[in-house]
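Structure record follows, encoded as C-alpha cells.
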Amino acid sequence: MIDDATFWDRTAPKYAKSPISDPVAYEYTLERTRSYLTATDRVLELGCGTGSTALLLAPDVAHITAVDISPGMLAIAREKARDAGIVNVTFETGATVPDEGDYDVVMGYSLFHLLPDMETRFAQIRDLLPTGGYFISKTACLGQSGAGLGGALKSLMIRLAIPVMQRIGKAPYVRSFSVQDLEDAITGAGFEIIEHGSHPKGPPPARYIVARKV
C-alpha cells in the first residue's frame with residue numbers, strides 16, 4: 001500500500017479530468033448548501049481536492065479556506081482559481097482538520113469515509129465553530145446495504161474489491177459504515193442534524209447532512 005497523500009498526488013491529473021458521476025445529485029446538494037451560506041461567512045472546506053466545489057461556492061461567501069492532503073490536487077485547484085479570477089479562496093496543504101481557526105461553516109465532501117478517525121474529526125470540527133455554526137458534509141456510506149438482492153450484492157462487491165485495490169496501490173484507506181453510524185457520530189460530537197438525504201441514493205448511498213452546533 002502507498003500512503004494516502006502519494007495516492008492522491010498520482011490520481012490528481014486523472015481525477016481533475018473525470019466527469020462528476022451524478023451531476024444532478026451534485027447540483028442539488030450544491031444548491032442546498034448555498035441556502036445555508038451568507039455573504040459574510042468564513043468557510044472551511046476539508047478535503048477540497050481540485051477545488052471545484054470551493055470555487056463554485058466562492059461567490060456566495062466572504063472567504064473559503066480549502067484544505068487538502070495532496071499538493072498535486074492543490075496545484076490544480078490554484079490553477080483553476082487563477083484561470084477563473086477567483087481571489088477569495090485560499091488553498092492550503094493540511095492533513096485533515098486545522099488545530100485552530102475562526103469559521104462560520106465547515107464543509108467536507110467525499111471525505112469522511114477515507115478517514116480512520118472520523119469521530120475525532122467531528123469533535124475537532126465542532127471546536128472550530130460558534131454555537132449555531134453549520135457543518136455540511138456528503139459521505140459515501142459503504143456499509144449501507146442496497147435495497148433488494150441486487151443492491152445488497154453490489155454493496156458487498158464494492159466492500160470486497162476495496163482491499164484488493166489497496167494492495168496494488170489503486171485505492172486509499174477506506175472505511176465502511178452505515179447511514180445510521182454516520183449520523184450517530186455527528187450527533188455524538190455535539191451537533192443537531194437539521195437536513196439529511198441520500199443524493200445519489202446508491203448503493204452505496206452518498207449521505208448529505210447539514211448539522212448545527214448546539
Q: Could you note down all residue pairs passing salt bridge (Lys or Arg N to Asp or Glu O under 4.0 Å) where residues 127-137 supplies at least one of them, sequence neighbours left out?
A: none
Q: State, to 0.1 Å, how close Asn88 and Ala58 come at their nearest heavy-atom pair, and which atoms those are.
A: ND2-O, 2.9 Å
Q.
Per the salt bridge (Lys or Arg N to Asp or Glu O under 4.0 Å) rule, what does the pair list look like for residues 90-115, sequence neighbours excluded?
A. Arg42-Asp102, Arg42-Asp104
Q | Single-linkage hydrophobic cluster Leu44~Leu55, side-chain heavy atoms < 4.5 angstrom | A | no
Q | Side-chain donor-acceptor pair present, Asp9, Thr6, cut-off under 3.5 Å | A | no
Q. Distance-only, no hydrogens or angles: does the Glu195 side chain make a donor-acceptor pair with backbone N or O of Val210 under 3.5 Å?
A. no
Q.
Quick check: closest heavy atoms across Ser178 and Gln144, and the distance to 0.1 Å?
A. CB-OE1, 3.3 Å
Q: Would you mind listing every side chain to side chain donor-acceptor pair (under 3.5 Å) that reaches into residues 17-26, with sequence neighbours excluded?
A: Tyr26-Thr53
Q: Please name all residues satisfying side-chain contact (heavy atoms from CB on, under 4.5 Å) with Thr96, sequence neighbours left out, ordered by chain then number.
A: Leu115, Arg121
**Q.** Same apolar cluster: Val97 and Phe122, side chain cutoff 4.5 Å
**A.** yes
Q.
With rounding to the nearest 0.5 angstrom, report the NE2 to CE distance, His113 to Met118.
A. 11.0 Å
Q. Roughly how far, to the nearest 0.5 Å, is OG1 of Thr50 from CZ of Phe91?
A. 8.5 Å
Q | Closest non-hydrogen atom pair between Ala185 and Glu119, with its separation | A | CB-CG, 4.0 Å
Q) Would you call Leu56 and Leu30 a side-chain contact if the rule is heavy atoms closer than 4.5 Å? A) yes
Q: Apply side-chain contact (heavy atoms from CB on, under 4.5 Å) to Arg126 and list each qualifying residue two or more places apart in sequence or on a separate chain.
A: Phe191, Lys213
Q | Interatomic distance, Ile64 atom CD1 to Leu37 atom CG [nearest 0.5 angstrom] | A | 7.5 Å
Q. For Ser35, what residues pass the side-chain contact (heavy atoms from CB on, under 4.5 Å) criterion, not counting sequence neighbours?
A. Arg32
(Q) Once side chain to side chain donor-acceptor pair (under 3.5 Å) is applied, do any residues pair with His63, and if so which ones, sequence neighbours excluded? (A) Thr90
Q: Walk me through it: do Ile209 and Phe112 pass the test side chain to side chain contact (heavy atoms under 4.5 Å, CB included)?
A: CA-CA 12 Å; Ile209 297 174; Phe112 295 105; over 6 Å; no
Q.
Please check if the number of heavy atoms outside Tyr36 that lie under 6.0 Å from its OH is greater than 12.
A. yes
Q) Under the side-chain contact (heavy atoms from CB on, under 4.5 Å) test, which residues partner Thr187, sequence neighbours left out? A) Ile193
Q. So which residues get pulled into Val24's cluster when ILVMFWY side chains under 4.5 Å apart are joined, directly or through others?
A. none
Q.
Working to the nearest 0.5 angstrom, can you tell me the gap between Tyr109 OH and Leu46 CG?
A. 10.5 Å
Q. Between Ala66 and Ala54, which heavy-atom pair has the shortest distance, and what is it?
A. CB-CB, 4.3 Å
(Q) Side-chain heavy atoms nearer than 4.5 Å, only ILVMFWY residues, links allowed to pass through others: does that put Leu128 and Val105 together? (A) no
Q) Is it the case that one hydrophobic cluster holds both Tyr103 and Met107, taking links as side-chain heavy atoms less than 4.5 Å apart, direct or via other members? A) no
Q: Give a yes or no on whether the ring-centroid distance for Tyr173 and Phe7 is below 6.0 angstrom.
A: no
Q. What are the two closest non-hydrogen atoms of Lys138 and Ala206, and how far apart are they?
A. CE-CB, 3.8 Å
Q | Heavy-atom closest pair, residues Pro204 and Cys141 | A | CB-O, 3.6 Å
Q: Just grab all the salt bridge (Lys or Arg N to Asp or Glu O under 4.0 Å) pairs involving residues 56-81, residues at least two apart or on different chains.
A: Arg34-Asp60
Q: Could you tell me the separation between the CD1 atom of Ile186 and the CG atom of Asp181, rounded to the nearest 0.5 Å?
A: 11.5 Å
Q: List in chain and number order the residues that pass side chain to side chain donor-acceptor pair (under 3.5 Å) with Glu183, two or more places apart in sequence or in another chain; answer none if no residue qualifies.
A: His196, Arg207
(Q) For residues Val174 and Val179: do they belong to one hydrophobic cluster (side chain heavy atoms under 4.5 Å, members Ile, Leu, Val, Met, Phe, Trp, Tyr)? (A) no
(Q) Nearest 0.5 angstrom please: Thr29 OG1 to Tyr208 OH, how far? (A) 6.5 Å
**Q.** Contacts of type side chain to side chain donor-acceptor pair (under 3.5 Å), residue Ser137, not counting sequence neighbours
**A.** none
